[in-house]
Amino acid sequence: MSVTPEEKFQTDLLHELEPVVEKELDRHLTMAKEWFPHQYVPWSEGRDFDGPLDGEPWSIEHSKVTPEAREALIVNLLTEDNLPGYHRAIATVYGREGAWGTWVNRWTAEENRHGIVIRDYLTVTRAVDPVALERARMRHMEAGYEADHGDSILHGSAYVSFQELATRVSHRNTGKASGDPLCEQMMARVAADENLHMIFYRNLMAAALDAAPNETMRAITDVVKAFQMPGHSIDGFLRKSVVIANAGIYDLRLHHDDVLTPVLRKWGVFDRTDLTGDGDKAREELAEFMDQLDAAATKFEDRREERRARQAARKG
């Protein structure tokens with residue numbers, strides 16, 4: 001069976017980057033802290049629900065978290081729930097052998113803890129409607145997950161470099177906005193994992209830039225320009241994301257300043273001297289897009305402040 005040039009490029013790149021994966025995997029394992037989801041859940045607050053146990057039905061009054069954090073927690077958990085789809089996608093790109101396969105399994109195991117602890121917390125504290133949550137989980141997982149850029153190793157690695165950091169920012173800010181110290185502590189713990197995942201992928205992409213600068217630069221630009229969170233297929237995601245953005249949990253300014261910019265700066269994409277042809281063109285596209293995103297973020301912030309001022313005036 002003949003091998004296409006793209007397939008050969010990907011295979012060669014996987015082999016070339018494997019020593020980097022081994023090094024980053026070792027670094028990750030020395031930095032990762034073992035933790036246990038059950039220790040972050042206030043089990044003493046739990047009580048039976050309606051149904052076979054004939055307990056108390058859920059009511060909005062039971063929830064101690066803010067309405068904005070409630071929407072964010074639902075999005076965060078439903079996103080984590082689609083882990084089987086993410087595992088399939090990343091295993092397809094990286095394979096199941098050697099250091100690549102070891103990383104895929106380790107990453108999956110760590111991510112699974114996030115769904116466990118968030119669901120247990122939400123259920124025990126009655127922070128969200130468990131019936132609506134389960135129905136949303138079923139719909140979201142039935143929709144499945146397909147990576148936006150197929151099985152491209154460069155596009156996939158670029159995407160998770162940004163996405164892991166975006167998730168860290170979202171999780172951390174959700175905890176801060178929750179109004180519940182227990183929730184904030186839990187989300188800070190989850191965010192710490194996401195940060196280590198981001199570092200792994202970011203360092204992998206730095207090595208890819210050195211190995212194949214033009215192709216990697218094109219992948220970075222493609223991903224940044226088309227970026228969307230993995231939970232974008234959640235029912236009502238647009239409405240929820242507006243609530244989340246208006247609350248300052250995750251918005252365009254955070255996406256530009258706290259996610260895209262620091263990663264791009266770490267890679268030194270605008271200072272590299274080894275880009276030619278399409279790589280150089282991709283960098284120009286990226287610079288133009290970042291300027292447009294910065295302007296859009298400022299516009300959103302101005303409108304949000306105007307809206308808040310009107311609301312304050314009405315209350316006054």
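As the structure is a prediction and not an experimental result, all values here were calculated from the model.
In the hydrophobic clustering of ILVMFWY residues, with side-chain heavy atoms under 4.5 Å counting as a link, Met198 and Phe227 come out together. Residue Ile116 is not grouped with residue Leu78 when hydrophobic side chains (ILVMFWY) are merged at heavy-atom distances under 4.5 angstrom, including chains of intermediate members. Under the 4.5 Å side-chain heavy-atom criterion for grouping Ile, Leu, Val, Met, Phe, Trp and Tyr, Val243 is not connected to Ile118 through any hydrophobic cluster. A single hydrophobic cluster is seen to contain both Ile199 and Trp100, as judged by linkage of ILVMFWY side chains at heavy-atom distances under 4.5 Å, directly or through other members. Taking hydrophobic clusters as Ile, Leu, Val, Met, Phe, Trp and Tyr residues chained together by side-chain heavy-atom distances below 4.5 Å, Leu154 shares a cluster with Phe289.
Across all their heavy atoms, Gly144 and Asn82 have their closest contact at O-ND2, 3.6 Å. Contact record, His255 with Leu293: CD2-CD2, 4.0 Å, taken as the closest heavy-atom pair. Scanning all heavy atoms of the two residues, the minimum distance from Val223 to Ala158 falls at CG2-CB, 4.0 Å. Closest non-hydrogen pair, Ala211 versus Leu13, comes out as CB-CD1, 4.1 Å. Across all non-hydrogen atoms, the minimal contact from Pro42 to Val124 is O-CG1, 3.1 Å. Of all non-hydrogen atoms in Arg308 and Gly248, the two that sit nearest each other are NH2-N, 4.4 Å.
The number of heavy-atom neighbours closer than 6.0 Å to CG of Asp302, taken from other residues, nucleotides and ligands shown, is above 12. Other residues, nucleotides and ligands contribute only 12 or fewer heavy atoms inside 6.0 Å of the CG atom of Leu238. Within 6.0 Å of atom CD in Glu97, 12 or fewer heavy atoms from other residues, nucleotides or ligands are found, so the atom counts as exposed in its surroundings. More than 12 heavy atoms of other shown residues, nucleotides or ligands fall within 6.0 angstrom of atom CZ in Arg88.
Taking the side chain as every heavy atom from C-beta outward, Tyr94 and Trp107 never approach each other to under 4.5 Å. Inter-residue side-chain proximity for Val160 and His197 is flagged as unmet; no heavy-atom pair is nearer than 4.5 Å. Side-chain contact between Val131 and Trp58 is absent, with no heavy-atom pair separated by less than 4.5 Å. Contact check for Val20 versus Asn203: no side-chain heavy atoms found under the 4.5 Å cut-off. Between Lys240 and Arg70 there is no side-chain heavy-atom pair separated by less than 4.5 Å. No side-chain heavy atom of Asp251 sits less than 4.5 Å from a side-chain heavy atom of Glu301. Between Val117 and Trp35, the closest side-chain pair of non-hydrogen atoms falls below 4.5 Å. At a threshold of 4.5 Å between non-hydrogen side-chain atoms, the residues Met187 and Ser178 do not count as touching.
Aromatic ring orientation, Phe36 versus His38: tilted (interplanar angle from 30° to 60°). Ring geometry for Trp103 versus Phe200: interplanar angle under 30°, hence parallel rather than tilted (30 to 60°).
Checked by atom type and distance alone, the side chain of His256 never pairs as donor or acceptor with a backbone atom of Arg253 at under 3.5 Å. Between the side chain of Glu71 and the backbone N or O of Ile244, no donor-acceptor pair lies under 3.5 Å. With Ser161 contributing its side chain and Tyr201 its backbone, the two residues share a donor-acceptor pair below 3.5 Å. Remark: the backbone N or O of Ala177 is paired with a side-chain donor or acceptor of Thr66 at under 3.5 angstrom. A side-chain donor-acceptor contact under 3.5 Å links Thr216 to the backbone of Ala208.
Ion pairing of Arg137 with Glu134 is present here, as a side-chain N (NZ or NE/NH1/NH2) and a carboxylate O approach within less than 4.0 Å. Glu164 and Arg202 are not joined by a salt bridge, as no carboxylate oxygen comes within less than 4.0 angstrom of a charged side-chain nitrogen. A salt bridge is absent between Asp235 and Arg135; no separation between the charged side-chain nitrogens and carboxylate oxygens falls under 4.0 Å. Ion pairing between a basic and an acidic side chain is recognised when a charged N comes within 4.0 Å of a carboxylate O; Arg139 and Glu142 show no such pairing. At a threshold of 4.0 Å, the pair Arg27-Glu24 counts as salt-bridged, since one of the basic side-chain nitrogens sits closer than that to a carboxylate oxygen.
Residue Asn214 forms a side chain to side chain donor-acceptor pair (under 3.5 Å) with just one option from Thr276, Asp278, Asp274, and that option is Thr276. A side chain to side chain donor-acceptor pair (under 3.5 Å) with His171 is found for one member of Lys176, Arg189, Glu80 and no other, namely Glu80.
For the atom pair Thr167 OG1 and Asp193 CG, the distance stands at 12.0 Å (nearest 0.5 Å). Considering CG of Asp129 and CD1 of Ile60, their distance stands at 8.5 Å, rounded to 0.5 Å.
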Point to revise | Verdict with supporting geometry, Asp26 and Thr30, side-chain contact (heavy atoms from CB on, under 4.5 Å) | key: CA-CA 6 Å; Asp26 288 342; Thr30 61; 5.6 Å; no
Point to revise | From CA spacing to verdict: side-chain hydrogen bond (donor to acceptor under 3.5 Å, both in side chains), Thr11, Glu7 | key: CA-CA 6 Å; Thr11 300; Glu7 290 171 337; over 6 Å; no
Exercise for review: Dump the intermediate steps for salt bridge (Lys or Arg N to Asp or Glu O under 4.0 Å) on Glu284 and Lys281, then the final yes or no.
Suggested key: CA-CA 5 Å; Glu284 291 176 5; Lys281 180 175 180 291; over 6 Å; no
Exercise for review: Go through the steps for Arg119 and Val128 under the test side-chain contact (heavy atoms from CB on, under 4.5 Å), then give the verdict.
Suggested key: CA-CA 10 Å; Arg119 171 166 284 99; Val128 304; over 6 Å; no
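No hydrogens or angles considered: a donor-acceptor pair under 3.5 Å links the side chains of Glu111 and His114. At a cut-off of 3.5 Å, with distance as the only test, no side-chain donor of Ser233 or Tyr145 sits close to an acceptor on the other residue.
Residues Tyr40 and Tyr121 keep their aromatic ring centres 6.0 Å or farther apart.
Seen from the ring of Phe49, Arg126 counts as a face-on cation partner, given the 6.0 Å and 45° thresholds.
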